[in-house]
Amino acid sequence: MNKSLKNPLVFTLFILPALILFLVFFIYPIFSSLYYSLTSWNGVSDTVKYTGMSNFEKALGDERFWVSVKNNGWFILFSVFIQVPLIILFSLLIANVKKLKGLYKTAVFMPSIMSTAVIGILWGFIYEPNIGLFNKLLGVIGIEPLYWLSDERFAMLSILITNAWQWTGFYIVMVLAAILSIPGELDEAAAIDGATGFQRATRITLPLIVPIISVVIMLSIAGAMKAADIVIVMTKGGPAGSTEVMATYMIKYAITNFKYGYGNAIAVLIFMFTLVVTALYQLLFARRNERIEY
Amino acid sequence: MKKSVTLLLSLLFVSSAIMAGCGNNNNSAGNQGEAAATNAANATESPATEKPASSEPFEMTIRHTQVGADKQKRLAILEDVVGKVQAEVPGLTFKLDGVDSDVNRKEKLRGEMAAGNPPEIFDLFGSPDSKIYAKEGKLLDLTPILEELGIKDKFSNLDPFTYEGKIYGLPIGGSGEGFFYNKEYYASKGWKAPTTFAELEQQLAAIKADGKVPLAGASKAGWVPLMLANHLWSRYAGPDVTAKFATGEAKWSDPNVVKGFAKYKEWEDKGYFKKGELGFEYAEYTTQFTSGEAILMYDGTWKSSVFKAGQSGEGLIGKVGFFNIPAVEGGVGDQTALMRDVNNGYGFSASAAKDERQLAAVKSFIKNMYNEEMQLRGLVEDGVLPAMKIDQAVLTKNITDDLMSEIVAVLNNSESSFPAFDSLVQADVTTEISNIQIQKLIGGQTTPEKMGEALQKIQEEANAAVE
């Protein structure tokens, strides 16, 4: 077995299937996307006209594209500064409950197994101006109904809340697994030394789960950069384009209008932006705390 | 052994009897149609039957979009046509491939067109889709087939499917747009459908004062409010104005076009539309009207199918009327003009021309789908206006539904028609007006003048790109 693996031919044969899949479904699409982003291809034609960087120039000079970039930015900021702290808080709470832990885990995980379309409809009811839950609650304390999805001031926030609701549970389960894998002796020892619950959570548990939090942030950033479905089902990018994100911009301004060349340019830009943001994150924060050994 | 031979023989006998039966049915159905069409059809049939047709089995795919409960009736019509064509063309089996309309239009068909393997027959959107595919040589030129069948002049409008003088697709039905109104409410006020614009505005104001919603509103998708806006600017600036934007003969910022936007804005400011409309889906548009909350709803004639037994507007059967927008003061051009569209239909793959049997199947499909009988079925069963010209007497005889009679009367009273803007201007302009500008106008973030200027800027860029 070991001997045969040393033979380069056999070795190649073994990795060939995976390599082919990788090339066909990953490398080739990236390069074909790059190629078409430099053309004015309409998605149908056999002839493809090279147009240089004009698609990129057009995108980077389009005010609406920057609105969508900004909205992706809101997705990232909301994830990192609001969603992640909540994830940590709920994970700590659930990890420390004595009864019905399974029930809590299932309950928080539930939204992430639901389809985005269903969530869109569900939250559509919650945000409904006349009979929706939020406005009923606001009505109790005497606040006039808000038009959550049709008012530019609240539409983006409404989407962010829904998106956070959908994915928080998934990350909680991840963080919870990390918390539960911390050896119990550490906690017990601290408790015997007189540390309070809060002290144990912030001084022992939290530092030990930093690597997994780092992964959660990483995944949130990547998810935020490619968000599209939730926007489509909730506002279709409206009102007046105020909740457009890069992916919906690509669909609306390029794909629907038979501008596949332009669409590919946007796809390449999304790829580049994601690469830059995640690389920055990795370099600045994640590298510092890679491994914990007990 | 003996038993199975007997079974096989009887199966053969029964199936051939059924086949023969279908053939006869088909002929008699043809006979019911207009004499000219039938003669032409027979003329084309005879050469086809003369040559020794190979009965070797072959398969063709029909991509249709008749999926879901709402489209059962339309699917039944298609299935009947499929049965007839299979009986006419020896060896042919159709594979029906049902796909959601939007998925087919924006993803599946485009992908297949790019890869060069579209289905032989498929649901096709007229403008701009069919023109783009036709330009690339992906669609079958139907002009000779229509001439051969003698139905080329039977269609009321083939413009959305015409490219460089050739016809590349056939609309399955048409639609007109106007106001649906709650007759019961109107009767309670002693009103009739308005005949002047001033009367319409008085009614809107009175409904508002009565605490009801005058106009249904659901503008999450821009095309919904644009139906009414489009009709308004065409009243003020003329029915042909939209067609002139792409040629540069007219501008979005022309004072008369802006007057149309201004009127829409005025109605918005007066609170005539359902509040919070920018957050509502199209489905809620209908609900606002059927629930009695909104008294008027500007929509396409396809909506009439909702007011039938077993549908969501069942409670309003006999209580819904339809009227065209009355003439506006100082309006340009025909003030009875109605917005009409024939943008949905069937197209055929260019590859069918290479195979004689496929071509015969296409001909048979067109002959069996596009005739008076099927158009009337679409109208009566499904509320879709005929795409083909049908004699008024025949129409009157077939329509039993009050609302449909009212719709047909409105169509007859309008002296001209014009297509909706999205089949006349470039896609970029459509995106700008439906995703941004109309929603900004509704949300109070732009003025009619600024809207006109912003649209004209995009229009000029799009016009320049074509040149």
Side-chain angles (χ1 to χ4, degrees), chain A residues 36 40-48 51 54 58 62-64 67 120-121 123-125 127-132 135 144-155 158-159 232-244 248-249 251-260 262-263, chain B residues 102 105-107 109-116 118 128-129 131-139 217-223 274-284 288 293 426-446 451 458 461-462 465:
Chain A
Y36 283 119
S40 62
W41 190 45
N42 68 2
V44 182
S45 179
D46 297 329
T47 52
V48 175
T51 55
S54 70
K58 190 182 162 202
D62 186 359
E63 174 199 347
R64 305 226 195 285
V67 169
I121 294 169
W123 278 80
F125 283 123
Y127 290 130
E128 217 282 337
N130 302 316
I131 51 159
N135 278 352
E144 284 289 300
L146 296 178
Y147 291 88
W148 292 97
L149 296 175
S150 53
D151 189 326
E152 240 176 76
R153 290 170 297 168
F154 308 117
S158 309
I159 294 177
I232 292 170
V233 295
M234 296 208 66
T235 61
K236 293 190 165 62
S242 60
T243 57
E244 211 81 78
T248 59
Y249 175 90
I251 296 170
K252 211 175 265 180
Y253 288 84
I255 308 297
T256 315
N257 295 354
F258 284 98
K259 289 185 182 168
Y260 280 68
Y262 188 49
Chain B
D102 224 34
R105 187 184 164 206
K106 292 183 182 156
E107 285 155 40
L109 191 61
R110 282 189 197 179
E112 289 162 338
M113 285 290 182
D129 299 20
K131 293 179 186 181
I132 288 168
Y133 296 143
K135 192 176 161 202
E136 302 298 338
K138 309 275 183 188
L139 297 177
S219 311
K220 198 182 208 174
W223 66 268
K274 165 85 179 168
K275 213 168 172 214
E277 61 180 294
L278 286 172
F280 294 132
E281 294 277 359
Y282 178 57
E284 287 162 274
Q288 290 163 19
E293 187 188 8
Q426 294 88 334
D428 281 348
V429 184
T430 302
T431 307
E432 177 69 16
I433 191 171
S434 50
N435 291 318
I436 308 289
Q437 295 301 335
I438 190 70
Q439 296 197 332
K440 276 193 167 178
L441 191 75
I442 293 169
Q445 296 158 306
T446 189
M451 176 175 171
I458 305 285
E461 282 170 16

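Quick note: numbers below take in every heavy atom, side chains included, and nothing from hydrogens, waters or symmetry partners.
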Given a strict heavy-atom distance threshold of 4.5 Å, which part of [X] is in contact with chain A: side chain, backbone, both, or neither?
{"X": "Glu432(B)", "answer": "side chain"}
{"X": "Glu281(B)", "answer": "side chain"}
{"X": "Ile436(B)", "answer": "both"}

*Do Leu109(B) and Asp129(B) come within less than 4.5 Å of each other through their side chains, counting heavy atoms only?*
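A side-chain contact is absent here, since even the closest heavy-atom pair is not under 4.5 Å.
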_Within the structure provided, determine whether Asn42(A) and Tyr260(A) are in side-chain contact (heavy-atom separation under 4.5 Å)._
no
*Please check if the side chain of Glu128(A) supplies one atom and the backbone of Ile131(A) the other of a donor-acceptor pair under 3.5 Å.*
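Present.
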*Decide if atom NZ of Lys58(A) counts as having more than 12 heavy atoms of other residues, nucleotides or ligands within a radius under 6.0 Å.*
yes
_If we count only N and O atoms by modelled type, under 3.5 Å, do the side chains of Tyr249(A) and Asp62(A) hold a donor and an acceptor together?_
yes
*Asn130(A) versus chain B, the contacting section by heavy-atom distance below 4.5 Å*: side chain
*So which part of Val233(A) gets closer than 4.5 Å to some heavy atom of chain B, the side chain, the backbone, both or neither?*
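The backbone, not the side chain.
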*Go through Gly241(A), Pro129(A), Ser45(A) and name the one with the most non-hydrogen pairs under 4.5 angstrom from chain B.*
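The candidate making the most pairs under 4.5 Å is Ser45(A).
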*Using a cut-off of under 4.5 Å for heavy-atom pairs, which of Phe258(A), Trp41(A), Tyr147(A) has the most such pairs with chain B?*
Phe258(A)
*Go through the steps to decide whether Val44(A) and Lys135(B) satisfy the test side chain to side chain contact (heavy atoms under 4.5 Å, CB included), and finish with yes or no.*
CA-CA 10 Å; Val44(A) 182; Lys135(B) 192 176 161 202; over 6 Å; no
*Please report the shortest heavy-atom distance between Ser158(A) and Leu149(A), naming the atom on each side.*
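Ser158(A) and Leu149(A) have their closest heavy atoms at CB-CD2, 3.8 Å.
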*Using a cut-off of under 4.5 Å for heavy-atom pairs, which of Lys440(B), Glu277(B), Lys220(B) has the most such pairs with chain A?*
Lys220(B)
_Pick from Met113(B), Lys138(B), Lys106(B), Lys275(B) with the largest number of heavy-atom pairs that fall under 4.5 Å of chain A_ =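 When all of Met113(B), Lys138(B), Lys106(B), Lys275(B) are compared, Lys275(B) has the most.
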